[in-house]
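Heads up: the structure comes next, in structure tokens.
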Protein chains: 2
Amino acid sequence: MAGTSFAEKTETRLDNAERLCAAHGSRLTDLRRQVLGLVLEAARPVGAYDLLDGLRADKKGAAPPTVYRALDFLLEEGLIHKIERLSAFVGCTHALDGSHTEAGHPHAAQFLICTGCGQVTELDDHGILHALIDATRHIGFTVRHSTVEAEGLCAACRDVATA
Amino acid sequence: MAGTSFAEKTETRLDNAERLCAAHGSRLTDLRRQVLGLVLEAARPVGAYDLLDGLRADKKGAAPPTVYRALDFLLEEGLIHKIERLSAFVGCTHALDGSHTEAGHPHAAQFLICTGCGQVTELDDHGILHALIDATRHIGFTVRHSTVEAEGLCAACRDVATA
DNA sequence: CAAAATACGTTATAATGTAACATATTTGAA
DNA sequence: TTCAAATATGTTACATTATAACGTATTTTG
Ligand SMILES: [Zn+2]
Ligand SMILES: [Zn+2]
Ligand SMILES: [Zn+2]
Ligand SMILES: [Zn+2]
């Protein structure tokens, strides 16, 4: 019994995730599906220990490695991202909502963190990535992975602030 | 006795830092100077607890808040940066080596982390910053602070790898 | 000097993340 | 099908990073 069922929209995204995993020969097990579901249902980035609390509603006595292992898997599959500044995790909108055929592997992304409402927006902006690659190439640095996180105010929160 | 004296180059940078602080009416105390010195002498990013060990050579029994408070001050003054992916700190080359008149306040920077040798290079690339601002502006997001960190191989380590 | 502000000391604890090993489940080949 | 290997999960214990709260010392300012 994987128990806890999620909102319909979440279940759809979980089904997408399951297909992506199957497509590379990995398995979105009940546990991993449940952790991913908890990430997706949160309106904001969730910390590992919040997820652990969520898990414990279903599986009493679950311990940190359980959730960290699931998170590691989901990160490797490109289904979630870690927001470093927050030590917290968000679903990858690119992989789960988009119909990108190349989804389901880690990709460079940028995150906008609103300090007003806590919401995080994922960008996939080529301009930023290229600017980074240009700047690094001519000093001979080869980028393997990049983290781009901006803190500030989203449009809604800015309007409230200036009202 | 703030004790531990540093290499001459470091002392020069510490003197620069002291002038920058004085210029905005803050004080680079002995303790803060010592912590900054420890950061600058490390060839690589240093963790807070490594700094604590360094401090303890001079001041036995120093506790975490001592070093974290010094780090908070140095961050606010723009004398050091935190590398989020490493939970570690580096001196701001822009503020301490450059002769920038506007140094001494936090600024947007980018960090290149070499996974081969562990060295971190600070960039201050306008192209990256503008690309980020462009991408965010047309969705109405106002950037207040940005974190850009790239992992990869520096020129030296890449040459070794392909040899 | 005395009051206020700033910096530092000290104790305790919170929050995040992993190592190591035991058990269970799934997979794949004999 | 049956068993061995690979994969996934359970469990205990601990490592690492960071902060809260409160008391003392030092510096600044009137
Ligand atoms: Zn993504
Ligand atoms: Zn907002
Ligand atoms: Zn800098
Ligand atoms: Zn290198």
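A, B, ... follow the sequence lines: proteins, then strands. Residue 1 opens every chain. Predicted, not measured: the structure shown is a model, and the values here were computed from it.
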Does any non-hydrogen side-chain atom of [Y] lie less than 4.5 Å from one of [X]?
X	Y	value
A:Val67	A:Leu38	no
B:Cys92	B:His107	yes
B:Leu20	B:Glu77	no

The criterion is side chain to side chain contact (heavy atoms under 4.5 Å, CB included); which residues satisfy it with B:Arg56, sequence neighbours excluded? B:Leu52, B:Asp53, B:Ala62
With sequence neighbours left out, what residues match A:Ala131 under side chain to side chain contact (heavy atoms under 4.5 Å, CB included)? B:Ile128, B:Ala131
Taking the axis from the first five pairs and the axis from the last five, what angle separates them in the helix from C:dC1-D:dG30 to C:dA30-D:dT1, rounded to 10 degrees? 30°
Does A:Lys59 make a side-chain N or O approach to OP1 or OP2 of D:dG10 shorter than 4.0 Å? yes
Would you tell me if any nitrogen or oxygen in the side chain of A:Arg69 comes within less than 4.0 Å of OP1 or OP2 on D:dT9? no
Backbone of A:Asp125 reached by a side-chain donor or acceptor of A:Gln110 within 3.5 Å: yes
Is it true that the side chains of A:Arg19 and A:Asn16 contain a donor and an acceptor less than 3.5 Å apart? yes
Pairwise 5' ranking along DNA chain C for B:Ser26 and B:Gly61, keeping only the more 5' one: B:Ser26
First of B:Arg32 and B:Ala62 reached from the 5' end of DNA chain C, by closest nucleotide: B:Arg32
For B:Val120, which fellow cluster members are found when Ile, Leu, Val, Met, Phe, Trp and Tyr are connected by side-chain heavy-atom distances below 4.5 angstrom, either directly or through intermediates? B:Ile83, B:Leu86, B:Val90, B:Phe111, B:Ile113
Linking Ile, Leu, Val, Met, Phe, Trp and Tyr by side-chain heavy atoms under 4.5 Å, what else ends up with A:Val160? none
Min and max contacting nt of DNA chain C in 5' to 3' order, chain A heavy atoms within under 4.0 angstrom, are C:dT16 to C:dT27
Quick one: which residue pairs count as a salt bridge (charged side-chain N to carboxylate O under 4.0 Å, His left out) with a foot in residues 31-43 of chain B, not counting sequence neighbours? B:Glu11-B:Arg33, B:Asp15-B:Arg33, B:Glu18-B:Arg33
If a pair satisfies salt bridge (charged side-chain N to carboxylate O under 4.0 Å, His left out) and one of its residues is in residues 128-143 of chain B, list it, with sequence neighbours excluded. B:Asp134-B:Arg137
Write down the protein N/O and nucleotide N/O pairs, taken from nucleotides 17-20 of chain D, whose separation is under 3.5 Å; answer none if there are no such pairs.
residue : atom : partner : partner atom : Å
D:dA18  : OP1  : B:Lys82 : NZ           : 2.6
D:dA18  : OP2  : B:Tyr68 : OH           : 3.0
D:dA18  : O5'  : B:Tyr68 : OH           : 3.4
D:dA18  : N7   : B:Tyr49 : OH           : 2.5
D:dA18  : N6   : B:Tyr49 : OH           : 3.3

Mind checking B:Thr29 for me? I need base, sugar-phosphate or nothing, with any heavy atom below 4.0 Å counting as a touch. sugar-phosphate
Which residue pairs satisfy the ring pair (Phe, Tyr, Trp, His ring centres under 6.0 Å) criterion with at least one member in residues 40-78 of chain A, sequence neighbours excluded? none
Sugar-phosphate or base contact per nucleotide [nucleotides 24-30 of chain D; S, B, -; heavy atom under 4.0 Å]: ---SS--
Atom pair distance, as rounded to whole Å: CG in A:Leu52 and P in D:dT12: 14 Å
Under 3.5 Å, which donor-acceptor pairs link side chains of residues 139-153 of chain A to any protein atom two or more places apart or in another chain?
residue  : atom : partner : partner atom : Å
A:Thr147 : OG1  : B:Arg85 : NH1          : 2.9
A:Glu149 : OE1  : A:Arg85 : N            : 3.0
A:Glu149 : OE2  : A:Glu84 : N            : 2.7
A:Glu151 : OE2  : A:Arg85 : NE           : 3.1
A:Glu151 : OE2  : A:Arg85 : NH2          : 3.3

